[in-house]
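Worksheet: the structure to be examined is printed underneath.
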Amino acid sequence: MVEQISIIDAKEHVNEQVKIGAWLTDKRSSGKIAFLQLRDGTAYFQGVLVKSAVSEEIFQLAKELHQEASLWIYGEIHQDTRSKFGYEIEISNLELVGESHDYPITPKEHGVDFLMDHRHLWLRSTRPHAILKIRNEVIRATYQFYNDREFTKIDAPILTGSAPEGTTELFHTEYFGRDAYLSQSGQLYEEAGAMAFGKVFSFGPTFRAEESKTRRHLIEFWMIEPEMAFMHQEESLKIQEEYVAYLVQNVLDHCDYELDVLGRDKEVLRRYTKLPYNRITYDEAIKMLQKGGLDADWGLDFGSPEETYLADQFEQPVFVLNYPKAIKPFYMKPHPTRDDVVICADLLAPEGYGEIIGGSERATDYNYLLAQIRAAGLDPKEYEWYLDLRKYGSVPHSGFGLGLERAIVWICGIDHVREAIPFPRLLNRIYP
RNA sequence: UGUCCAGUAGUUCAGCGGUAGAAUACCGGUCUGUUAAACCGUAGGUCGUUGGUUCGAACCCAACCUGGACAGCCA
């Protein structure tokens, strides 16, 4: 019995007979030699089939294989500089496991719509594979970061009875005869969790029924929302920048090959691992924009061009602090000396990627919060449980939310969030 | 939702008023180190839909459908 190995481990089996389960990504053959390009999900390399070294039937079988046929490959691993991977397998035998005819995705170029229609197959190609490997690394590093810091993962519900941010653009559904909505944010639940566990985070899907079709929007996306009790905004900002730098560092450490596939400049990424990140206030940001000739009036929220301009002024991500109260949600802590701003921060990523984190210190005073809920036109009865958190041992606490796909496109240097999730839900796409 | 752009072979595109084209994939053949392999050959199409203008429409006009980029909104 020969040992079954993964392609990624080939270098540990040089000159050994092995067995590999693989798919055929491409094939080049001549009369007496054939090169089978193979992938098994862990890596890509080639198998070499020499006619004189195998039976007539095996060589004939190889000639008849098509793109994405699945195979059992038997042979000997060789180190070979003529192979891009550095190693290849000299095939002595192969078994066809599953045939494949007219595989739609060819080595040539394709349009976005065509590829998205075939997303279930496109995942096999090198670029999506690299991006989703980096996504996996970001997820892995996220769990490690928070677990290393004694955070407890508290899962927020996906079905909710009220609108957390009190807006429209919620997905409506029915819950045994009552109205229900798909979660837009787990934050309020995380605040409850923080009062029970100290430091918590959620990591789950989020749904926004926004009719937006830009490179920065998904209908269904994943969000990481930490929430920390007995913590003011300044300490929260430190955790945010440490977390983001940690993500970048771990992708650099563990996804070197994937970054190469994507052509990502690693020197640029290394800049993002240096702390601290820049901090400017909203007031300063407005002045910078005006100085830059952009049309920015105090009190308005930033659009995409404004975010890009601000981020371009720095080599690293930049925090924009303390936005006007009027354009931020009801739960943010009011500024101690100013009535017009709240204690919050957005983290803007460089290179035009815009906001990847939004966070704030939370309001702690029962009466203030109740007034804010009423002022926002929300029903205080729906928020009774949330108000309870201020009734029974209210403490300073802060939290933030990071959009997973936005962080991924930025780290990968790719231009659309639809490629940062396995099966994107877009304005006009819910298939496959 | 608005503005702009685009829908022609399985795919990526050219053609822009006068018999529907290329590359690639598929199919058949040649080739012992290929890297998007090369070479020869075959086959492949209601030109997004509907209506209009015209002797004649893939091409001009209108509406609609589908997709993309940007914007708003946001993570």
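Between A:I219 and A:S30, the residue whose closest nucleotide on RNA chain B is further toward the 5' end is A:S30. Along RNA chain B, the nucleotide nearest to A:R215 and the one nearest to A:N428 differ in position, and the one closer to the 5' end is contacted by A:N428.
Here the separation of B:U11 from B:G67, taken at their P atoms, is 16 Å to the nearest Å. Taking atom P on both B:U46 and B:A58, the two are 14 Å apart, rounded to the nearest angstrom. Remark: the separation of the P atoms in B:U66 and B:G48 is 16 Å, to the nearest Å. Comparing the P positions of B:G28 and B:A71 gives a spacing of 50 Å, expressed to the nearest Å. As rounded to the nearest Å, B:G51 and B:G41 have C1' atoms that lie 44 Å from one another. Between B:G17 and B:U54, the distance separating the two C1' atoms is 9 Å to the nearest Å. Comparing the same atom, P, in B:G18 and in B:U30 gives a spacing of 44 Å after rounding to whole Å. For the P atoms, the distance from B:C4 to B:C64 is 14 Å, rounded to whole Å.
Across the strands present, B:G45 finds no partner; the criterion is a Watson-Crick or G-U wobble pair with both atom distances under 3.5 angstrom. Nucleotide B:U53 forms a pair with no other nucleotide shown, judged by Watson-Crick or G-U wobble geometry with both contacts under 3.5 Å. When Watson-Crick and G-U wobble pairs are counted only if both distances are under 3.5 Å, B:U32 pairs with no nucleotide at all. With a 3.5 Å ceiling on both atom-pair distances, B:A25 lacks any Watson-Crick or G-U wobble partner. Nucleotide B:C73: unpaired (no Watson-Crick or G-U wobble partner with both distances less than 3.5 Å). The pairing partner recorded for B:G67 is B:C5, the criterion being a Watson-Crick or G-U wobble arrangement whose two distances lie under 3.5 angstrom.
Residue-to-nucleotide contacts include a donor-acceptor pair under 3.5 Å from the side chain of A:Q46 to the base of B:U34. If you check distances only, the side chain of A:H66 never reaches the base of B:C26 with a donor-acceptor pair under 3.5 Å. Checked by distance alone, A:R406 brings a side-chain donor or acceptor within 3.5 Å of a matching partner on the base of B:C74.
Considering only the side chain of A:S212, B:C73 comes nearest among B:C73, B:U32, B:U34. Listed candidates were B:U34, B:G72, B:A75. Nearest to the side chain of A:Q37 is B:U34. Side-chain atoms of A:T214 lie closest to B:G72 of the nucleotides B:G72, B:U32, B:C73. Comparing atom distances between the A:H217 side chain and each of B:G67, B:C74, B:G72 picks out B:C74 as nearest. Closest approach to the A:R418 side chain among B:U34, B:G68, B:G72 is made by B:G68 (side chain taken as heavy atoms from C-beta onward). Distances from the side chain of A:M223 to the nucleotides B:A75, B:G72, B:U35 place B:A75 closest. The side chain of A:K213 sits closest to B:A69 out of B:A75, B:A69, B:U34.
Heavy atoms of A:H416 sit under 4.0 angstrom from primed sugar atoms or phosphate atoms, though from no base atom. The residue A:I357 sits close only to the backbone: its heavy atoms come under 4.0 Å of sugar-phosphate atoms, none of a base. Residue-level contact check: A:E211 touches the bases, meaning some heavy atom is under 4.0 Å from a base atom. Among the protein residues, A:E210 comes within range of the nucleic acid bases, having at least one heavy atom under 4.0 Å from a base atom. Residue A:F114 is classed as a sugar-phosphate contact, given heavy-atom separations below 4.0 Å to backbone atoms only. At the heavy-atom level, A:E88 lies under 4.0 Å from base atoms of the strands shown. In this structure, A:G354 reaches neither bases nor backbone, as no heavy-atom distance under 4.0 Å exists between it and the strands shown.
Atom CZ of A:R140 and atom CG of A:N250 lie 5.0 Å apart (nearest 0.5 Å). Put simply, CD1 on A:I411 and CZ on A:R406 are 14.5 Å apart, with the number rounded to the nearest 0.5 Å. Distance check, rounded to the nearest 0.5 Å: CH2 of A:W122 to CD1 of A:I105 gives 8.0 Å.
A salt bridge does not link A:E220 with A:R208: none of the charged nitrogens is closer than 4.0 Å to a carboxylate oxygen. Using a 4.0 Å cut-off between charged side-chain N and carboxylate O, A:E190 and A:K199 make no salt bridge. Taking a cutoff of 4.0 Å between a charged side-chain nitrogen and a carboxylate oxygen, A:R374 and A:D379 do not qualify as a salt bridge.
With a glycosidic angle no further than 90° from 0, B:U46 counts as syn.
OP1 or OP2 of B:A71 lies within a sub-4.0 Å distance of a side-chain N or O belonging to A:S304.
A side-chain donor-acceptor contact under 3.5 Å links A:E191 and A:Y386.
For the pair A:E109 CD and B:A23 P, the computed distance is 17 Å after rounding to whole Å.
Between A:F314 and A:L348, every side-chain heavy-atom pair lies at or beyond the 4.5 Å cut-off.
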